[in-house]
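Convention: sequence-line order gives letters A, B, ...; per-chain numbering from 1. Side chains included, hydrogens not; waters and symmetry mates left out as well; all remaining heavy atoms used.
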Amino acid sequence: MLDLKKLKKDPKSVVDNLKKRGFKLDLDKWEKLEALRKSLQSDTENMQAELNEISKEIGIHKKDGTDSSKLEKKAGEITLKIKSQSKDLSPILEDLDNFVSSIPNLIDEDVPEGKDEEDNLELRTSGNPRNFNFTPKDHLELGSQLGGIDMESGVKITGARFVVLNGDLARLQRSLINFMIDIHTKEHSYEEVYVPYVVNSESLFGTGQLPKFEEDLFKLQGKENFYLASTAEVPVTNLFRDKILDSKSLPAKFACHTPCFRSEAGSYGLDTKGIMRLHQFEKVELVQAVEDKDSDTALEELTGHAEEILKRLELPYRVVTLCSGDIGFSAAKTYDIEVWIPSQNKYREISSCSNFRDFQARRMKARWKNPSSNKTELLHTLNGSGLALSRTVLAIMENFQQKDGSIAIPEVLRDYFGSNKIPS
RNA sequence: GGAGAGGUGGCUGAGUGGUUGAAAGCGCUCCCCUGCUAAGGGAGUAUAGGAUAAUCUCCUAUCGAGGGUUCGAAUCCCUCUCUCUCCGCCA
């Protein structure tokens with residue numbers, strides 16, 4: 001949620017900033033609503049103050065046993081007025097609320113301007129795409145040959161964009177989970193957490209998936225406000241909701257493996273082959289809550305943590321800064337890490353690392369006690385994939401494939417996997 | 001799923017209709033006292049919104065959430081939710 005004080009103080013810069021992401025803030029509407037709210041609210045509050053005063057007096061009269069009927073009559077009139085006024089006020093408050101909670105975060109100064117993913121800015125690359133001395137296959141072909149990727153069963157059991165992995169590939173994914181979590185906990189000092197995969201609407205509001213992006217989520221029947229988590233960001237970041245953290249516990253860093261469920265509405269026809277884009281996939285997520293002054297460095301650090309996994313797996317990748325038109329609703333700045341996919345001859349997203357600054361924290365009242373000012377201040381939250389599992393499996397298959405269709409296992413993973421290749 | 005009990009400030013815990021935003025204690029902050037330590041004394045210590053140029057200030061809201069009764073609700077009524085105890089079921 002935006003800092004409304006900022007909007008009041010300097011509406012133009014807020015409008016300009018939001019414009020960069022292609023969001024048109026209807027300032028007129030807001031100012032009108034706000035003016036209306038102000039006058040109605042201060043009016044009601046004044047009446048309430050008067051009523052409180054009179055009620056107190058009545059109390060004193062009752063205690064003394066003196067007559068208070070005149071006061072009671074007057075108070076009754078005021079009460080009626082307040083009630084009718086509140087009826088006018090509450091829809092305005094609701095409008096304001098909806099209006100404000102649908103405004104995306106402000107983007108950082110150094111976010112490149114642009115329209116869509118074409119305008120994202122490449123920051124660095126790591127590793128070199130391999131030169132194949134044979135024609136490389138795509139992961140689906142490889143997986144089908146190995147009998148490890150079973151799209152048909154996924155469709156039968158559930159439907160399109162669901163998959164069954166068998167044998168070595170299932171084990172490869174599981175070993176990757178352990179590998180990633182171990183590095184993040186042992187070397188990058190994250191604490192491992194296990195969290196619910198079903199989340200309520202408050203949690204989704206907190207991280208910014210609601211109210212605007214309900215169509216991306218799977219909603220559960222029955223329980224009115226339960227959804228399948230689209231990312232561990234939701235349950236893990238909400239660990240900080242309604243909390244005031246001690247400065248000693250900062251930075252708070254959590255690593256978490258969960259499945260992710262996304263309806264992928266609006267992605268019809270995109271990545272229909274194989275396991276690139278699924279309704280259900282596994283992910284190891286990194287989440288941090290830090291002091292405001294630390295979030296810039298924390299983003300660099302967190303991105304580095306995700307990159308480290310790719311480096312060790314010897315997968316070529318690049319890091320891009322998302323441009324103003326491509327960045328997500330809640331983020332102030334985002335680095336996407338893209339892994340090399342030989343069959344597509346390009347880099348594809350495998351991790352997205354974002355600094356949300358105080359945007360999520362304001363929505364979920366995630367605060368910390370600043371000992372120097374002795375005040376409670378909003379935390380800054382960050383998260384990033386470290387990494388998305390199905391795409392890591394895909395990338396290993398394609399980048400490490402051998403001429404005979406077998407797949408070599410990256411050196412660092414062999415102990416976890418228990419062998420040095422997946423035979424054809 | 002059935003039956004009961006309960007949700008009060010950073011924590012513990014009083015408070016069943018009237019100057020209660022809320023006693024007391026703990027914790028924390030500042031000050032005083034003591035040669036040091038131990039101890040003692042005093043003051044302060046929620047969040048959000050608003051008025052104001054701003055602050056000491058003032059107003060409003062908040063005692064799980066939402067409604068209701070009343071001049072007035074932490075306190076009474078209704079709905080929901082969560083926690084605990086017992087029973088049932090169960091990986």
**Asked** Between the side chains of A:His257 and A:Glu282, is a donor N or O closer than 3.5 angstrom to an acceptor N or O?
**Response** yes
**Message:** With no hydrogens and no angle check, just 3.5 Å: does a side-chain donor-acceptor pair link A:Ser352 and A:Asp336?
**Reply:** yes
**Message:** Quick check on contacts: within residues 25-53 of chain A, what sits under 4.0 Å from RNA chain B by heavy-atom distance?
**Reply:** A:Arg37, A:Lys38, A:Gln41, A:Glu45, A:Gln48, A:Ala49, A:Leu51, A:Asn52
**Prompt:** Going by distance alone, is a donor N or O of one side chain under 3.5 Å from an acceptor N or O of the other, for A:Lys333 and A:Thr321?
**Reply:** no
**Item:** Pairing partner (Watson-Crick or G-U wobble, both distances under 3.5 angstrom) of B:G72
**Value:** none
**Distance between P atoms of B:G21 and B:C26 (Å, rounded)** = 25 Å
**Asked** Between B:G66 atom P and A:Glu94 atom CD, what is the distance in whole Å?
**Response** 13 Å
**Asked** Can the positive tip of A:Arg262 be found less than 6.0 Å from the middle of the six-membered ring of A:Phe218, inside 45° of the ring normal?
**Response** no
**Asked** So does A:Lys83 get a side-chain nitrogen or oxygen closer than 4.0 Å to the phosphate oxygens (OP1/OP2) of B:U69?
**Response** yes
**Message:** Distance alone, cut at 3.5 Å: any donor-acceptor contact between the side chains of A:Asn105 and A:Ser330?
**Reply:** no
**Item:** Below 4.0 Å: OP1/OP2 of B:G50 and any side-chain N or O of A:Lys8
**Value:** yes
**Prompt:** Under the 6.0 Å and 45° cation-pi test, does A:Arg391 pair with A:Phe281?
**Reply:** no
**Prompt:** Would one find a side-chain N or O of A:Thr79 under 4.0 angstrom from OP1 or OP2 of B:U70?
**Reply:** no
**Request:** Could you work out the separation of B:G64 and B:G7 based on their C1' atoms and round it to a whole Å?
**Result:** 6 Å
